[in-house]
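In what follows, a single structure is set out as structure tokens and then discussed.
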Amino acid sequence: MFKGTPVSDGIGIGKILLLEEASLSYTPHSVSDPKAEVERFRRAIDALTDQTKRDAASLRQTAGEKEALIMEGHISLINDPALKGETENLIMGGQCAEAAYESMCDMFIGIFSSMEDEMMRQRAADVRDIKSGLLRILLGVKEVRVSDAPKGTVILTRELTPSVTAGIKKGNIVGIITETGGKTSHSAILARALEIPAVLSVPNAVSIFKNGQPVIVDGSTGIVIPDPTFDELNEYTEKRAHFIKEREELNRFRGLKTVGADGAEYELVCNIGKPDDAAKVIEFDGEGVGLFRTEFLFMDRSAVPSEDEQFAAYQKAALILKGKPLIIRTLDIGGDKEIPYMGLEKEDNPFMGFRAVRYCLKNKELFRKQLRAMIRASAFGDIRIMFPLITCVEELREGKAMIEDIKKELTILGIPFNKDLKVGIMVETAAAAMIADVLAKECDFFSIGTNDLTGYTMSCDRGNANVAYLYSALQPAVLRMIERTIRCGREAGIPVGMCGEAAADPRLIPLLISFGLTEFSVSAPSVLRVRKCISKWSKAEADKAAEKAMRLTTKKEVEEYLAGLA
Amino acid sequence: MVQKHFTIKNAQGFHMRPATNFATAMAAHPCTVTIKFNGRDVNAKSPMFIMAACIKVGSEIDVVCDGEGENEALAAAAAMIESGFGE
């Protein structure tokens with residue numbers, strides 16, 4: 001069994017077709033008739049353009065308009081006047097077409113690969129793709145066409161290039177395995193658009209697996225099983241049938257509002273960790289962002305990110321979301337993370353120590369930069385600010401006072417921001433849940449962080465195998481914390497959301513509806529599943545379930561009762 | 001020669017689609033079109049060079065058109081950039 005990055009859900013069972021990169025090696029040579037060489041180069045460009053147009057047309061049939069447009073973007077790159085012109089200059093200087101084109105393309109591949117923006121790094125793959133396309137034509141190397149692959153084929157390749165993808169016939173290709181690429185790579189997006197299970201970044205896959213080898217690809221977990229046993233085949237065939245049925249049901253919820261069986265409306269938003277993830281929220285039909293973690297901005301670097309750098313990240317996410325809500329959480333970091341420039345000391349008990357809002361309120365310069373960046377970005381979308389790890393009302397007041405100061409300053413400087421900027425808190429400590437009535441009067445919203453709330457309430461570290469059995473949001477103690485928090489928020493007239501994993505738990509959803517939760521924030525791929533689950537519950541039915549569940553006395557009883565309803 | 005200053009408004013900056021659409025539109029004009037950004041001159045008829053310049057949201061650029069049809073070219077450039085490339 002091998003593991004890679006799961007990027008496109010579903011189970012594929014079939015035989016491997018290894019797409020080996022044909023050797024595109026040549027001996028660079030000087031040409032005696034540069035004009036004729038330029039002509040040869042231009043003919044190759046024309047041939048590649050024609051072939052790419054055909055690929056775009058076939059992609060339009062299989063994957064849709066959006067993907068075809070990306071392929072058509074290749075046509076513009078192939079015919080880029082400057083790229084062609086510079087290549088022809090090199091040829092006129094005596095180089096052969098292959099060497100001239102390759103050196104120009106390699107220059108761009110180098111530039112794109114070193115860019116910070118992941119979307120721009122993807123362009124390196126595009127240039128590599130057109131470079132091999134042109135070399136193949138110049139060298140007369142025949143391409144393995146995926147379009148000829150029989151039914152039940154699992155493609156195995158180093159990197160899934162758009163031109164390979166264009167040849168995919170949806171009925172015939174049942175799975176994709178590659179050695180490179182991540183969740184947001186173009187290969188991943190194409191695989192999802194084609195609804196073909198895909199596992200990327202399986203180390204050394206091309207040298208380990210063999211052409212024609214039977215294989216199972218689980219695009220939901222990232223597991224790849226070569227030469228499956230009879231039992232494994234049975235197990236995965238069943239899983240596949242189940243998955244296909246569920247996918248069909250879920251797709252009916254795409255583009256719909258999130259409503260209960262009685263027509264009550266809920267907000268169904270997503271948790272993200274990077275600005276680019278906002279595009280995934282749109283792809284998976286999320287209604288906004290309920291938690292944007294900002295730690296990524298501070299990790300793997302040597303100094304605090306500048307205000308402008310942070311502003312650009314928040315603004316980018318806001319612009320992608322086009323006015324949909326975007327709740328940004330201020331820095332949530334402590335002694336469990338190694339960030340040398342922050343001067344965080346190793347602590348015996350980092351989760352009870354100097355972290356999150358406690359650290360930020362003592363490092364005001366750093367905190368001010370982050371808040372100012374968020375407030376400035378609020379001019380570009382429905383940004384809301386959320387403080388993590390609040391345990392007493394003073395922390396909230398101090399944070400809010402800083403926000404008010406920054407707003408005054410921006411007003412004087414004439415810098416735009418949203419004057420009705422909402423400020424809320426994470427309720428993730430037992431202390432915050434107990435004084436939720438007090439906190440609710442001084443902030444604009446709550447978001448319950450069930451992961452930490454469960455850990456802190458049960459006083460248990462779920463990473464510790466000896467006590468992990470205690471860790472469950474269905475513990476009566478945790479349910480009471482959640483119920484109390486939502487009730488206090490409701491009584492104060494503020495919205496209450498939940499951004500922990502529990503928000504997507506079908507067993508807990510009826511209780512949350514009954515308690516009065518208004519916003520569910522889940523991982524992007526869970527959106528349709530949660531929307532479907534919510535649609536089954538009316539408030540009246542949920543109330544009955546909650547009343548019964550809250551009278552049960554053990555985690556086991558609660559779990560069994562709710563599992564029977566879900 | 002005509003010239004105009006812009007701030008890039010769309011979220012993704014000059015990524016693939018804006019760069020190719022912009023370059024294709026500029027290529028239709030006989031004059032030269034140059035984007036001045038970060039002290040560099042970028043050939044605005046080349047999607048590759050535009051993308052390689054790494055022009056992001058908030059970037060300040062100047063578009064310079066020089067030659068036959070320069071006013072029309074600058075007007076077309078302004079319409080595209082100011083609309084955020086329709087994004």
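Just so it is clear: chains get the letters A, B, ... in the order the sequence lines come, proteins before strands, and each one is counted from 1.
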[atom1]/[X] to [atom2]/[Y] distance, rounded to the nearest 0.5 angstrom?
| X | Y | atom1 | atom2 | result |
| --- | --- | --- | --- | --- |
| Met115(A) | His15(B) | CE | NE2 | 13.0 Å |
| Asn10(B) | Leu319(A) | CG | CG | 8.0 Å |
| Arg123(A) | Met16(B) | CZ | CE | 5.0 Å |

Check your understanding: Quick one: does Ile111(A)'s side chain get under 4.5 Å of Met51(B)'s, heavy atoms only?
Key -> no

Review point. Residues of residues 33-50 of chain B under 4.5 Å from chain A (heavy atom pairs)?
Key: Asn43(B), Lys45(B), Ser46(B), Pro47(B), Met48(B), Phe49(B)

Check your understanding: Do any of residues 55-79 of chain B come closer than 4.5 Å to chain A, heavy atom to heavy atom, and if so which ones, in number order?
Key -> Lys56(B), Val57(B)

Practice item. Name the region of Leu321(A), side chain, backbone, both or neither, that has any atom closer than 4.5 Å to a heavy atom of chain B. Key: neither

Point to revise | Part of Glu72(A) lying under 4.5 Å from any heavy atom of chain B | key: neither

Review point. For Phe41(A), what residues pass the ring pair (Phe, Tyr, Trp, His ring centres under 6.0 Å) criterion, not counting sequence neighbours?
Key: Tyr101(A)

Check your understanding: Any idea which of Cys54(B), Ala27(B), Ala19(B) has the most non-hydrogen atom pairs under 4.5 angstrom with chain A?
Key -> Cys54(B)

Exercise for review: Could you look at Ala23(B) and say if it's the side chain, the backbone, both or neither that has a heavy atom under 4.5 Å from chain A?
Suggested key: neither

Check your understanding: Applying salt bridge (Lys or Arg N to Asp or Glu O under 4.0 Å), which residue pairs with at least one partner in residues 75-86 of chain A are found, sequence neighbours left out?
Key -> none

